[in-house]
Amino acid sequence: MKLRRVVVTGLGALTPIGNNVEEYWNALINGVSGAAPITYFDTTNFKTKFACEVKNFKVEDFIDRKEARKMDRYAQYAIVSSDEAVKDANFDFDKLDKDRVGVIWGSGIGGLETFQEEVMNFAAGNGTPKFNPFFIPKMIADIAGGHISMKYGFRGPNFTTVSACASSTNALIDAFNYIRLGHADVMVTGGSEAAVTIAGMGGFNAMHALSTRNDDPKTASRPMDKDRDGFVLGEGAGALIIEEYEHAIVRGATIYCEIGGGGMSADAHHITAPHPEGLGAKNVMLNCLRDAGLQPTDVDAVNMHGTSTPLGDIAESKAILEVFGEHAYNLNLNSTKSMTGHLLGAAGAIEAIASILSIKHGIVPPTINHFTDDENIDPKLNFTFNKAQKRDVKVAISNTFGFGGHNACVLVKKLEL
């Protein structure tokens, strides 16, 4: 069967450096760091005392207070970002076949704060199981997609992908495939995460995964820098409206770009560490290019997973050299996590949005906080250090890799009519 073309017609973002797409993009190209001391809880006894929190967010500005109390923060973030994306897509709801509109969302952890609060309250009590009746529906990772579908009456395919930090890229690829295979005409996709909590920070600290640069949080996320010491935990959400090409044309939609392909792979190596030679990362990029029917030389920019961990950045850089060969030196590489921190299951969505906006505006956001070259990373690679660079980006790929060895990669390209 002939696969249908899929385009992007709406974007929404709620991030540590901007509470909508415009704010997010302006902060990205200006190299703004979202890292700051944690405000959600007392960090006195924690190894890491900072994160990339969403700032100046008042849920009652977007969601009825009574309804918001039934949602974990990760679901609130999903509703807010998807609402921006749906409005951006500018549907005529009287003409939209809602049976052909689905929601595939991603979250690596789901309602961690809700789970933490309920268990801590039980532990502090007398043993009587007094739990909030909304405990389970607030916590479960699939509920964000349920809320989105109920808000708009979208009755098409609806589920959640969970693949740690690759979750929302997997969601985007699944949504892309459902449209091109004919199972839906429109999909709301993306991901959200709200793990800046006692349990989240404590758990990642116990793994020695987080930066402990408490004296200088804003420069703590420093991908590819010799002195990087771990990732900075972020939170927020990104949402995309993707649509069958002819469906978008008929209704006169504004089209950002076309989705060219998606790739997936597994490291099959370690529960948290990447394959040292970047084998899974290499395979996922090759799979993505193969799915898109493109050659490595067709790619202009790569938004790297680039978490600022000692092992991960080296492995991904090796993989890029393996996939692209000499063309690797012509690429603009970058890690927007240097600014947003690592949004875990939401990372893929907001980074795909960054790649899409690079195509739209002809600018590649920087990798900030670079001070010292790492002798284990090829210095001839252009990581777009510290300052955005203008470039006509026709094809971009975005990488996301998750604990468990899950790898996902999506390719976006300028629309060719």
Side-chain angles (χ1 to χ4, degrees), residues 1-13 21 25 85-86 88-91 100-104 106 156-157 168-191 238-264 284-303 331-332 348-365 391-400 408-417:
M1 65 177 289
K2 183 179 179 180
L3 296 176
R4 306 195 307 169
R5 296 172 68 185
V6 182
V7 295
V8 178
T9 57
L11 299 174
V21 169
W25 178 246
V86 169
D88 188 35
N90 195 29
F91 292 113
R100 300 281 299 170
V101 183
V103 182
I104 301 180
S168 54
T169 302
N170 278 127
L172 176 54
I173 293 169
D174 280 358
F176 165 61
N177 284 328
Y178 270 66
I179 293 175
R180 66 176 177 168
L181 290 170
H183 300 303
D185 297 325
V186 178
M187 297 294 292
V188 183
T189 188
L240 302 90
I241 306 300
I242 66 172
E243 191 167 349
E244 192 272 324
Y245 171 74
E246 293 294 343
H247 187 277
I249 292 296
V250 166
R251 72 178 187 87
T254 298
I255 296 173
Y256 284 95
C257 68
E258 184 170 0
I259 300 179
M264 293 168 281
V284 79
M285 287 184 277
L286 290 173
N287 291 342
C288 186
L289 288 166
R290 190 178 300 114
D291 189 49
L294 296 177
Q295 298 300 313
T297 50
D298 294 319
V299 177
D300 301 300
V302 178
N303 193 323
L331 296 169
N332 267 94
I350 68 163
E351 290 163 21
I353 290 169
S355 294
I356 291 164
L357 294 176
S358 286
I359 289 174
K360 178 182 178 181
H361 297 291
I363 305 172
V364 178
R391 177 161 186 166
D392 180 15
V393 179
K394 295 183 176 66
V395 177
I397 65 174
S398 181
N399 288 335
T400 45
C409 174
V410 65
L411 184 147
V412 290
K413 60 182 184 178
K414 277 191 176 178
L415 179 67
E416 296 177 359
L417 301 177

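Numbering of residues begins at 1 and proceeds along the displayed sequence.
Each of Ile241, Asp88, Ile353 was checked for a side chain to side chain contact (heavy atoms under 4.5 Å, CB included) with Tyr256, and the lone residue meeting it is Asp88.
A distance-only check finds no donor-acceptor pair linking the side chain of Asp291 to the backbone of Gly263 [under 3.5 Å]. A donor-acceptor contact shorter than 3.5 Å links the side chain of Ser168 to the backbone of Ala349.
Taking the salt bridge (charged side-chain N to carboxylate O under 4.0 Å, His left out) definition, one finds that Asp300 meets it with Arg391, sequence neighbours left out. In this view, Arg290 satisfies the salt bridge (charged side-chain N to carboxylate O under 4.0 Å, His left out) rule with no residue, not counting sequence neighbours. For the side-chain hydrogen bond (donor to acceptor under 3.5 Å, both in side chains) test, residues two or more places apart in sequence or in another chain that qualify with Thr169 are Thr400. Ala171 meets the side chain to side chain contact (heavy atoms under 4.5 Å, CB included) test with Ile104, Thr161, Thr189; sequence neighbours excluded. Looking at residues two or more places apart in sequence or on another chain, you find a side chain to side chain contact (heavy atoms under 4.5 Å, CB included) between Val101 and Leu96, Phe154, Val186. Judged as a side chain to side chain contact (heavy atoms under 4.5 Å, CB included), and not counting sequence neighbours, the contacts of Asp298 are Leu294, Gln295. Residues passing the side-chain hydrogen bond (donor to acceptor under 3.5 Å, both in side chains) test with Asp185, sequence neighbours excluded: Arg4, Arg100. Remark: Phe91 engages no residue in a ring pair (Phe, Tyr, Trp, His ring centres under 6.0 Å) (not counting sequence neighbours). Under the salt bridge (charged side-chain N to carboxylate O under 4.0 Å, His left out) criterion, Lys394 pairs with Asp392, not counting sequence neighbours.
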Output side-chain donor-acceptor pairs under 3.5 Å for residues 354-363, partner residues at least two apart or in another chain, one line each.
| unit_1 | atom_1 | unit_2 | atom_2 | d |
| --- | --- | --- | --- | --- |
| Ser355 | OG | Glu351 | O | 3.3 |
| Ser358 | OG | Ala354 | O | 3.1 |
| Ser358 | OG | Ile363 | O | 2.9 |

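Residue pairs meeting the salt bridge (charged side-chain N to carboxylate O under 4.0 Å, His left out) criterion with at least one partner in residues 246-264, sequence neighbours excluded, are Arg5-Glu258, Glu243-Arg251.
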| request: Would you please test Leu11 and Leu240 for side-chain contact (heavy atoms from CB on, under 4.5 Å) and show each step? | output: CA-CA 5 Å; Leu11 299 174; Leu240 302 90; 4.0 Å; yes
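Residue Ile255 comes nearest to Ala248 through the heavy atom pair CD1-CB, 4.2 Å, listed as atom of the first residue, atom of the second, then distance. When every heavy atom of Cys409 is checked against every heavy atom of Val284, the shortest pair comes out as N-CG2, 3.8 Å. When all heavy atoms are compared, the tightest approach of Ala408 to Ile173 is CB-CD1, 4.2 Å.
In this structure, the side chains of Ile259 and Val410 come closer than 4.5 Å at one or more pairs of heavy atoms. Using a 4.5 Å heavy-atom cutoff, the side chains of Asn303 and Ile397 are not in contact.
To the nearest 0.5 Å, atom CD1 of residue Ile249 and atom OG1 of residue Thr9 are 10.5 Å apart. Distance check, rounded to the nearest 0.5 Å: OG1 of Thr297 to CG of Leu331 gives 10.0 Å.
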